[in-house]
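Below: one structure, written as structure tokens.
By convention in this document, chain letters (A, B, ...) are assigned in the order of the sequence lines, proteins followed by strands, and residues within each chain are numbered from 1. No experiment lies behind these values; they were computed from the predicted model shown.
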Number of protein chains: 2
Amino acid sequence: MILISIINLGEKMENKNFDSFIKSFTTYLKKAGLSNTIQKEAILKVLFEEAGHLNAEEIASIVKKKYKINIGIATVYRNLNFLENSNIVSAIVKDSSNTKSYEISIDGHHDHIICTKCGKVVEFFDEDIEKSQLEIAQSNGFTIESHNMTIYGICQECKGQ
Amino acid sequence: MILISIINLGEKMENKNFDSFIKSFTTYLKKAGLSNTIQKEAILKVLFEEAGHLNAEEIASIVKKKYKINIGIATVYRNLNFLENSNIVSAIVKDSSNTKSYEISIDGHHDHIICTKCGKVVEFFDEDIEKSQLEIAQSNGFTIESHNMTIYGICQECKGQ
DNA sequence: GTCCGTGCAAAACGTTTGCACGGAG
DNA sequence: CTCCGTGCAAACGTTTTGCACGGAC
């Protein structure tokens with residue numbers, strides 16, 4: 001039941017601006033008996049505005065600089081974990097490092113191509129791959145919860161050099 | 001050039017027994033100016049025989065118990081990194097923990113479905129997904145180096161409970 | 001004798017936890 | 001007054017690094 005409202009929140013986020021997103025978010029928190037804070041909002045705003053894939057340290061640093069809010073790294077991790085479990089943000093691991101990078105799920109689900117040279121991340125969504133995954137999981141008796149589809153390679157610019 | 005011989009080694013490994021595999025491996029090391037050691041062989045043998053997805057600690061522990069070889073965890077990591085870069089072993093991350101598990105690439109490339117409840121790993125290979133990935137990468141100007149396709153879900157047995 | 005790979009221990013890294021404080025209801 | 005979320009610092013688990021030793025050539 002909680003899961004349903006979480007997923008709905010994720011879906012409702014599409015095509016909205018940040019203010020209305022925060023409104024839904026606060027409502028969601030209240031329903032769960034939790035309260036919104038300036039830190040939670042700042043983390044989300046950074047992910048919303050930077051639109052990149054940021055790790056916890058980067059988020060903390062931007063929050064401090066841009067919004068002059070004192071924020072502890074533990075708070076960032078606590079909130080990112082909460083947001084990830086609520087399907088509001090999603091995490092990817094850029095190869096070679098063991099660091100998780102996060103992005104807001106506002107554009108709906110997509111997968112990633114990452115350049116192993118410059119780190120550039122390109123997003124894509126492929127209906128066929130999604131369908132194949134579902135079939136594979138089903139034929140193996142699995143119910144899909146999530147998946148991670150990341151392609152690593154060299155981008156055009158880096159090939160040119 | 002180094003990369004080519006590495007990839008060839010990976011391909012040549014299919015359908016061979018461990019002895020001939022080690023022979024190719026030693027040749028590959030010699031070409032690269034490196035030497036084989038009892039530790040390298042033991043790590044590979046464990047991955048070859050156990051056929052599961054083992055993390056560094058597990059590999060070290062099995063090497064010590066089964067082959068009575070003293071091996072330091074640093075050596076295991078050093079060799080696993082080398083083997084991964086040489087495409088001889090590949091790593092997956094079982095969700096929630098941040099630990100890498102390794103498997104030998106002897107059966108050729110495949111992807112994984114992991115049960116988030118019991119940790120069971122099922123391997124699969126899907127021609128259509130592979131093809132789609134190639135097309136997506138190309139249309140974005142990328143040359144694929146590798147990819148990670150992991151589906152997380154609940155397996156039949158865990159659903160039954 | 002030189003060099004490379006090792007074991008050990010310490011360090012580094014990303015992340016989580018314990019605790020006391022402060023602000024909201 | 002209570003409770004929840006926070007900052008800080010310490011702890012944690014995984015992985016990497018520095019160093020000295022020993023064996024292969």
Between B:Tyr28 and B:Phe82, what is the ring plane arrangement, given parallel below 30°, perpendicular above 60°, and tilted in between? parallel
Donor-acceptor pairs are to be reported for all side-chain atoms of residues 59-67 of chain A against protein atoms at under 3.5 Å, with residues two or more places apart or in another chain.
residue	atom	partner	partner atom	Å
A:Lys66	NZ	A:Glu49	OE1	3.2
A:Lys66	NZ	A:Glu50	OE2	3.2
A:Tyr67	OH	A:Glu49	OE1	2.6

Hey, what else clusters with A:Ile154 if you join Ile, Leu, Val, Met, Phe, Trp, Tyr whenever side-chain heavy atoms sit under 4.5 Å? none
Calculate the interatomic distance between B:Asn98 atom CG and D:dT15 atom C1'; express it in whole Å. 12 Å
Hey, could you give me the OG/CD distance between A:Ser132 and B:Glu127, rounded to the nearest 0.5 Å? 11.0 Å
Result for 5'-nearest mapping on DNA chain D, choosing between B:Ile73 and B:Lys30, is B:Ile73
What's the CG-C1' distance between B:Leu34 and C:dC3, to the nearest Å? 12 Å
Check this one for me: any side-chain N or O of A:Thr37 less than 4.0 Å away from OP1 or OP2 of D:dT6? yes
What integer distance in Å separates B:Tyr77:OH from C:dA11:C1'? 15 Å
If you assign each of A:Glu57 and B:Thr75 to its closest nucleotide in DNA chain C, which residue comes earlier from the 5' end? B:Thr75
Provide, to the nearest angstrom, the distance between the CD atom belonging to B:Glu58 and the C1' atom belonging to D:dT15. 15 Å
If the plane angle is over 60° it's perpendicular, under 30° parallel, otherwise tilted; pick one for B:His53 and B:His112. perpendicular
Nearest whole Å is fine: how far is D:dC21 C1' from B:Asn70 CG? 14 Å
Rounded to the Å, how far apart are A:Phe82 CZ and C:dT16 P? 15 Å
If the cut-off is 4.0 Å, is B:Thr99 near the phosphate of D:dT14, judged by side-chain N/O to OP1 or OP2? yes
Spacing between B:Glu84 atom CD and D:dT16 atom C1', to the nearest angstrom: 15 Å
Base, sugar-phosphate alone, or nothing: which one does B:Asn55 contact when heavy atoms must sit under 4.0 Å apart? nothing
Nearest-Å distance for atom pair CG/C1', residues A:Asn81 and D:dG5: 15 Å
Ranking B:Arg78 and A:Ile69 by the position along DNA chain D of their nearest nucleotide, the one closer to 5' is A:Ile69
